[in-house]
Structure formats: C-alpha cells, structure tokens
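Let me begin by presenting the structure, written as structure tokens, before commenting on it.
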Amino acid sequence: MKKDFIFNEINKIKGVGPQLSKYLKKRKIEKIKDIILNLPYSETDRSKIYKLNELEVGKIQSIKVKVKKLNFPRIRNLPNKIICEDETGKIDIVYFNSREGYLRKLFPINSWIIISGKVNYFNKKYQITNPDYVTKLENQDYVVKSIPKYNLTKGINEKKYRSISEQIIKNIPIIDDWLNKNFIDENNLMGWNESITKLHNSKDSQDNNSSSFRRIVFDELCANFLILSENRKRIRKKKIPKKLDKKYSDTIIKKLPFELTNSQKVVLDEINKDLMSENRMFRIIQGDVGSGKTIVSLLAIVNVLKSGYQCALMGPTEILAKQHFELSKKVLRSKDIKIEFLTGKTDYKDRKKILTNIANGKTNLLIGTHALFQKKINFKKLGLVVIDEQHKFGVKQRSELAKKGGNECDVLLMSATPIPRTMMMSLYGDMDISKISEKPLKRKKIITLSKPEKKINELWPFIKKQIEIGNQVFWVCPLIEKSAFLDYSSAKKKFEIIENKFKNKVGLIHGNLEKNEKHKILKNFLEKKISILVSTTVIEVGIDFPNANLIIIENANKFGLAQLHQLRGRVGRGEKQGTCILLFKDGLSKNAVKRIKILKDSDDGFFIAEEDLKLRGFGDLIGYQQSGIKNFRFADPVNHEDLFKLAENYVKNISNEVNEKKYSFLLKLFDKAEIININEI
Ligand code: ADP
Ligand code: MG
C-alpha cells in the first residue's frame, strides 16, 4: 500500500458511499487519515458470553442462543419478534422496521447464534431490541471481544464504523519513521505504526500518558513547530533597512499627558531595532489590557511614516478601529501625515477616493477593519502593518498577511490575550515576542467583589447611584456550553428585568444580533445614550468605554479566570475607580473561593492565566476555547508540558535541514501542509 493512500478522500474506501460520507463529514472525517486520528474514547466489553439467567437489564451483553420461533405480526406498528433460548431461559429479539426475508436469513430456525446488544426487560421477559451484532458461531471472534467505542453521529452505528475503521487501521502503510529508535525509547514514545495500531486496539487512547498517546501528541506538536519555523524563515527574509529619524516621535512622546512606562520604552526600542534591521520584522506585543500597547504601535508607525513608507493599522472591529483612528489623528498631528479610515461600510465614492490615494501615496496611514486586507488595496510603498487584538489570527492568516504586505513590509501584532508560558512558543514561535509587563502606575486597581445571586436586590440602589452620577454599567451573562439558545434568552430575560427598573437606559447585545445592530448598540453606549449594557461575552475586547466603571458578571464560576480578568478589564479605563462584581449561584465551593482570591489579589493577566491553568486544567478553559487558542487536538499543555519543550527543541535542531519530503507525511497528517504551500513569499 502506498503511503499516500491515507490522504485520499474517505469515499475511496469500500462501503463508503455519498450518504455515509456526508455523515462522516459531520464528525470532521473527510479523508482516510481522519479515521486514523479519530481515536476511540472507550471500549464496549462484549467479551463474555452470558447465560440468559445472568443477564442484567441496561447492560450491553453477548449471548449464545438457539432460534426457536420467528413472529411477524401483520398488524402495523407491532414489531417483529424472534424468540430464542438457551438452557437457562428465553429471550425476545425485537426489530422495528426490518424486513422478513432479511430476518429469516439472520435467524435460521433451530440454529445456535451469537447476539450482542443492550438488554432490557419488557412484559416480564428479557429482550434485546435491534441488537448491535447477530452472527453465526463461526464468526463469534469478530463480536465477542472488547470493541473500541468512537464518537459517532446519527446515521453511523458501531458496526458500520468498525467495518470502515478496521479496514483502514489494518492496512495502514508502514512508514519510515521520522523519529529514530533511540529518541523514541529515551522519551517514552512509540514507533508511529505501532502507536496507531495500539491506540485503536487497546485502552491506550484513554490514557494520555501512554507511550502511544504521547507519540501522537509529540507528532502533533512537532507538526505545529515545524510550520512555525518554516513560516518564520519565509517571513524573516531580507528587506531594505528602514532609516529612522526619531525626532518626530520624540516630540510626540514629550507632549503625551503621561510618561511611557519602562516596559513601553523597551518594547518600542525592540521594534525600532527590527525596523532598522535588514530582516523583515515579525513581532507580537503581548500586553495585558490597559498596558498601553496602542501608543507604542503609534510611535512605531510615526517612525516608519517619517522614513518615507506607508503604514496600515487594523482593528478587529469597526468601533475599535475608529478609536484608533481618532487617537492617531490626535497624536500624529502633522501637516504631512494624511490618515484615512476604511471599513466594509465605507461607501463606494469614498472608498474609491481612498484607494486612489493609497495607490498614489498621498495617504500615508490607513486605519480600518479587515476590509484593509480582503479587498484589493494597492499601497504605493507599504512599510508596516499593525494588527490589534490578533488572537483570532492563526499561523495561516499570519503568513497570508505577511505575503500581502509585500517584501518591504514589517509586521507587528498586538494581543491582550494572556497565554500561559507553555503555550507561548507553540502559538507564536514564528514571531519575536515583546512583552509589556507593567501597567501605567496611574491606573487604579479594579475593586473586585463577589456576591451570592440571592442578594441581587442589594445591588439596585448602588447601580442607581452610579447612573445618577453619569457612570455606565456592563452586565454580563455567561454562555453556557452548547446551549447558546438558553443563555441568550437569559441575557434577554435579564435585560427585561433591568429595563423594568431603569426605563430607556438599558441596551442588550449578544452574538445573535446582526453586525449593524451590534454596532448601533455599542455606539449608543459609547455616546452615553444608554447607561447599562446587558450582554453575553460578546462585549468587545479592547474598546475604551471611559465612562464604564462597573461590571457585573453573572454565574461567574462558569468562566475561566483569564476570561473574568479580560471582562473586568472593560471597566476602569478612565479616571474613575472601576468595580467588578462577581455573582454566584449557590454557596461557593472551595475552589471558587480560591479563584476569587486570585482575582482580587492580582491584576496581572499573565499571572492569572498561569494560576487558572493550574486550578482548572486546560480542558476546562472555556475562555481559551472561545478565543481559538485551544488549537490542539491531542496535546494538553498541563499534561504534556515535557512534550511541548521536547518538540520545540527537536524542531530547533532539525530546522536547518528541514527536509520537506521527510516531514511531509507528518504535516499532511495534521493538515498543516497547505499552510506552507500557500505562501511562497
Ligand atoms: P491596551 O494595551 O489595552 O490596548 P491602551 O493602549 O488602549 O491599552 O491604553 C489604555 C489607556 O492607557 C489609554 O487611555 C492610554 O492613553 C493610557 N496609557 C497608555 N500608556 C500610558 C502610560 N505610560 N501612562 C499612563 N497612561 C497610559
Ligand atoms: Mg488595545
């Protein structure tokens, strides 16, 4: 069998037609290799043959019985029934909607057969309805054993799936392992072929520290680091060094109403060095909410503008981009800097004018949303792209972005999503990382309180007072897992309750609203037309609502600490003291008390993220899932910390001789190959 066989579409497998392909696709199984990566989560033990007097209702059991009688009632809706027995008793095998001819073949009168399925009890008799397996004695080895259990969807049963997966797993081509035997043994891993077979035919897949599971984790991480390293090589190519004259940015710094923090100065220095170097910059600023990333990026922009290049600054949403636009007009006041604003909503005439000015170089700085990149925009001489709040930018988008910018374009990303140390390299290993670790001293620490929901009535007078003195309030309801609908209605309900108390002062925003509608409500809030904004977690990261200084978070225990910290960062961005009130349903668990304490004590998002990881483990971090950071299928930074380091080092050591052929199997296996094919920079 050829190695590439596993990268074929799943319908190349015998017995997989269009209908089944469709169902498999629902479980993200499109190629043959997806079956390989779809590991069993448990096993069904059918390995013992029970006597009929040993049956237990509700259990899946295997029996060996003799067929006594087939009963096909001629009345609609009555099931077909096959009566079987062994020396200890009788049982009914029941079928709804099965044809007589088929059943007569399956159950030859007076013959002994093997049946396996879930036992139930009806009309004082044991029965098995639609058994999973019915087979002749000579085939019993296929059924009477432990059988791996996979996550399946409607339309595929165990028997069907098994017939496909066994066909595949048995026929996996023997590959040349890219890891050598010593490395495998030293690190408690396993050979590739052996590990896959084992994962599908034992309990290994349920133990994420088994050697076979560790192997698949290592491979996943390795594929990830390989792509990052490849991406970095392609992006950090030679460019013409920029000649910076920092006179103008120094003037701006002197005129700021505050002094830059040390961290800000260091980071700005790092960026300037990159701009002047002969390699393209590919850097990310990691800094907690409120750490002052924007001004740093604007100062870098000024330097690039003054050295004769154009710049682009992209925000994740229209409002945020607009805030950057207003700020940059204020900060970069200069006759010879022309700044324009472009979003998907910019009307045709304006857009045309802007595009012309971008192409002929009259406009120096373009600020906007995704529209900056999706549409055909030709810069005359683009020297720097800055992207704010980029946590939704995966490595693929990053490489596309760098390609679009062109050969002279430096790239700077900014992110406020605190990432635990273990994950930093696996996410951003292709970039240089600058960290703003301190916050402006002036900023007051947000007061964090917790309250049982029962006492919600004590809040109303407090809120009333806040509104009277012109403050604004966020009211956040959680997204309960998988029942977005339920939750969305609870935000709605909360809205009704609050709206009743504070007529015409309340807005509601949630993920199901149209973009325009969302925008309108946020704008109303920003312009203080409403005082309370009830929302799900959609409230935008990064927007400055300088008058919002109270945030109330319901069911706070539903959120990860890191996410609570992000939410809390929505308030207290202006002069006034910010307050965050966490509401809890019942009495607090020990763990919850610990978590609140961490939030009360610290306002360092990175510290909080680390603690969160320790307390809840990776699997539980809802916040990470939502922000797209949980991008591994098998690897878990808590359980596999050693493998993260091992894979990182492994790739570092081989990266000079990355032989794409050797690793192309691995990259394809984890759907990474296309990432490096698309960007021949
Ligand atoms: P973020 O890192 O979350 O994007 P911003 O850049 O929006 O933070 O900055 C938040 C606020 O802090 C802004 O109002 C900004 O003017 C202010 N700020 C930035 N740097 C400093 C500083 N060194 N001292 C005081 N205030 C600062
Ligand atoms: Mg910001």
Side-chain angles (χ1 to χ4, degrees), residues 249-250 252-271 283-302 312-333 367-369 385-393 412-419 433-446 472 474 522 526 539-549 551 562-578 580 603-609 627:
S249 61
D250 284 344
I252 292 178
I253 293 173
K254 278 200 203 100
K255 281 194 196 146
L256 288 176
F258 48 74
E259 173 144 16
L260 291 181
T261 63
N262 253 333
S263 266
Q264 284 172 316
K265 286 180 198 161
V266 170
V267 171
L268 183 59
D269 245 21
E270 288 170 339
I271 296 169
R283 187 172 282 282
I284 180 165
I285 308 181
Q286 279 268 315
D288 206 353
V289 276
S291 61
K293 297 183 288 293
T294 321
I295 188 70
V296 174
S297 73
L298 285 180
L299 291 166
I301 284 174
V302 170
L313 169 58
M314 181 176 122
T317 62
E318 181 155 350
I319 293 190
L320 202 51
K322 188 76 181 229
Q323 270 185 357
H324 288 341
F325 178 60
E326 301 298 344
L327 183 67
S328 56
K329 278 198 297 195
K330 229 163 56 191
V331 174
L332 313 181
R333 250 172 301 155
I367 298 179
T369 55
V385 168
V386 179
I387 304 224
D388 192 12
E389 303 294 352
Q390 61 77 53
H391 55 267
K392 288 187 190 85
F393 260 58
L412 181 64
L413 303 172
M414 300 191 270
S415 169
T417 312
I419 291 160
I433 299 171
S434 286
K435 222 167 137 177
I436 301 190
S437 47
E438 56 187 327
K439 282 192 196 172
L441 283 176
K442 240 176 49 189
R443 173 103 0 107
K444 295 188 188 98
K445 206 167 146 182
I446 297 162
Q472 289 179 294
F474 285 113
L522 285 174
L526 198 60
I539 48 170
E540 326 243 330
V541 171
I543 304 183
D544 249 341
F545 292 102
N547 286 302
N549 70 340
I551 184 165
Q563 203 179 8
L564 287 175
H565 175 66
Q566 288 270 332
L567 287 169
R568 157 173 91 168
R570 303 297 92 227
V571 300
R573 289 167 82 88
E575 301 285 290
K576 297 176 196 158
Q577 174 66 52
C580 168
D603 60 351
D604 175 347
F606 288 83
F607 171 78
I608 289 170
S627 59

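Counting convention: from 1, in listed order, for ligands and their atoms alike. Quick note: numbers below take in every heavy atom, side chains included, and nothing from hydrogens, waters or symmetry partners.
Using modelled atom types, one side-chain atom of Gln566 and one backbone atom of Ala416 make a donor-acceptor pair closer than 3.5 Å. Checking side-chain atoms of Gln264 against main-chain N and O of Gly292 turns up a donor-acceptor pair under 3.5 Å.
Contacts between Asp288 and ligand 1 below 4.0 angstrom, taking non-hydrogen atoms only, involve the backbone exclusively. Residue contacts with ligand 1 for Gln264 involve side-chain atoms from C-beta outward but no N, CA, C or O (heavy atoms, distance under 4.0 Å). Residue contacts with ligand 1, taken as heavy atom pairs separated by less than 4.0 Å, involve Leu260 solely via the backbone atoms N, CA, C and O.
Every heavy atom of Ala416 sits 4.0 Å or more from the atoms of ligand 1.
Minimum heavy-atom separation, Ala300 to Leu268: N-CD1, 3.9 Å.
Remark: ligand 1 and Gly292 share an N or O pair separated by less than 3.5 Å (distance only, no angle test).
Remark: ligand 1 atoms within the under-4.0 Å shell around heavy atoms of Thr294 are 4 (O), 5 (P), 6 (O), 7 (O). Within ligand 1, the atoms closer than 4.0 Å to a non-hydrogen atom of Thr261 are 23 (N), numbered from 1 in the order shown. Close approach of ligand 1 to Ser291 is summarised as follows: ligand atoms under 4.0 Å from at least one heavy atom of the residue are 2 (O), 8 (O). Near Glu259, the atoms of ligand 1 lying under 4.0 angstrom from a non-hydrogen atom of the residue are 22 (C), 23 (N), 24 (N). Near Gly290, meaning under 4.0 Å from one of its heavy atoms, ligand 1 places the atoms 1 (P), 2 (O), 3 (O), 8 (O).
No option in Arg568, Lys293, Lys439 other than Lys439 meets the salt bridge (Lys or Arg N to Asp or Glu O under 4.0 Å) test with Asp288.
Contact of the Met414 side chain with the Val296 side chain is not registered, since no non-hydrogen atoms from C-beta on lie closer than 4.5 Å. Contact of the Ile446 side chain with the Asp603 side chain is not registered, since no non-hydrogen atoms from C-beta on lie closer than 4.5 Å.
With values rounded to the nearest 0.5 angstrom, Leu298 atom CG is found 7.0 Å from Ile367 atom CD1.
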